[in-house]
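Data block below; observations after.
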Amino acid sequence: MKPILIRMRDGDNVAIVGNDGGLPAGTELPGGVRLLEKVPQAHKVSLVDLPAGAAVVRYGVTIGRTLEPLAAGRWVHERLIEMPAARELQGLPMATHRPPAAAPLEGFTFEGYRNADGSVGTRNILAITTTVQCVAGVLDVALRRIRDELLPRYPNVDDVVGLEHTYGCGVAIDAPDAVIPIRTLRNISLNPNFGGEVMVVSLGCEKLQPDRLLPPGSIAIGSASADTTATALDVVCLQDPAHVGFASMIESIVRRAELHLARLNHRQRETVPASELVVGVQCGGSDAFSGATANPAVGFCTDLLVRAGATVMFSEVTEVRDAIDELTARAATPELAQAMVEQMAWYDAYLARGRVDRSANTTPGNKAGGLSNIVEKAMGSIVKSGSVPISGVLAPGERLAPGQRGLIYAATPASDFICGTLQLAAGMNLHVFTTGRGTPYGLAACPVVKVATRSDLARRWHDLMDLNGGRIADGDATIEELGWELFHLLLEVASGRRTWAEQHRLHNALVLFNPAPVT
Ligand code: CA
């Protein structure tokens, strides 16, 4: 077996083992170092003799200091490294890095659903919003009937989904931080994949009343019909005295849904420029390959998308926190750099309130996958954002302004479900998800394109992974080649090609980020 060693930067004093199953003790590595012990796949090996307290450098960055002397050829795992303190948020370089403007990429299109407000959907879905969890059971029964009885009669509509959540009552709804879950739910209801057809199922007595969730004026933005009567909020209230018995509630929901389905059914795909893509990128179940294969390919694709005029959002505060100086430097203006700092500071305080810090992020699977700590994970994670300037910053649950384009930092927790939910609220119409350990993640509201970081995972999960980034480690494709492949795949999926998660109907729950107290 030919040993594969992946070293990210010239100055790095560790590299990761690329071979499936790892490499045995005694293996001579490219460059002449001999392994002193067995090193698992994706784990680090020291390339030089490191004294105790030496900086361990990967991605050109100190990811920690050695707790004991480590001779060249040792397995450098998380128990041998002390994590550095988080970078201070003062004195950061603010909008200092000015990459040369990349040439626009013209002529790329996809087939999408144009909405009345100019936004574009990649799917044609009826979403039924809920104000409170109490209605979820009734809505589920209604959804089954809508799918079985109505959807076959409206063939242009892809699906009907319930926007279910655990918020709405039993919460401190006037707490300052309650703004986050409320605007998240509001903005998801307005996602471009739903065609501006907003329908709400309410219980009646809950704290989150329909007009608080969607105040007058908030839904005028995306109606699929030019008919302005569609802007009145359509609410089915289960406690409405007109409802006598369970069956009448179901009947109300089904009947009202049909009005929206009839309008959505008139939507037709049309050719639109690639600039209408709003791509959310995130990773989950990461390993040390994430930052070497899949994420760099996603980063290359991010640059292509932004050059094509599209929007790309990257997120996950705890996974960018340790690279904040690189990101504030890349902000297009000092104001945007400051907005990033404020998101980091807010999250530092949020974590401190729970008596943890960013190191609470890494999972046992991350560590088994060779990621020693959050510093190393963050360096591999931010690669997804490519190299273009950061042209916008969103707080959790905020929505892109009309026409807002380019690379956007949308602040979210790193939790896969919360991040995906907040990116949907921001207006995402396509999701890219990289994974090394493997997760079957999928969303009902938006296609999810999954990219494996390792060929072994891509082979075993052949009908779950849409693209194999492991080919980069195997030497079968370059980062550029895979980045272009992903770019073309995204245009196809946006045009209607179904991802594996869609084919299997794999739908993770929406999870609202509620930093406010419950009562
Ligand atoms: Ca994640």
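One-based numbering, in listed order, for ligands and for the atoms of each.
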Does Arg147 pair with Asp159 as a salt bridge, N-O distance under 4.0 Å? yes
Does this structure show an ion pair linking Asp466 with Arg497, if we count only N-O contacts that are shorter than 4.0 Å? no
What do you get for the angle at the Ca ion (ligand 1) between OE1 on Gln282 and OD1 on Asp416, to the nearest 10 degrees? 90°
Restricting to N, O or S atoms of Glu316, which is nearest to the Ca ion (ligand 1)? OE2
Whether the side chain of Glu376 engages the backbone of Ser372 through a donor-acceptor N/O pair (distance < 3.5 Å, no angle test) should be reported. yes
Would the distance check show the side chain of Thr328 and the main-chain N or O of Pro93 forming a donor-acceptor pair, the cut-off being under 3.5 Å? yes
Backbone or side chain, does Cys419 get an N/O/S atom under 3.0 Å to the Ca ion (ligand 1)? no
Confirm or rule out an N/O/S atom of Ala414, from backbone or side chain, lying less than 3.0 Å from the Ca ion (ligand 1). yes
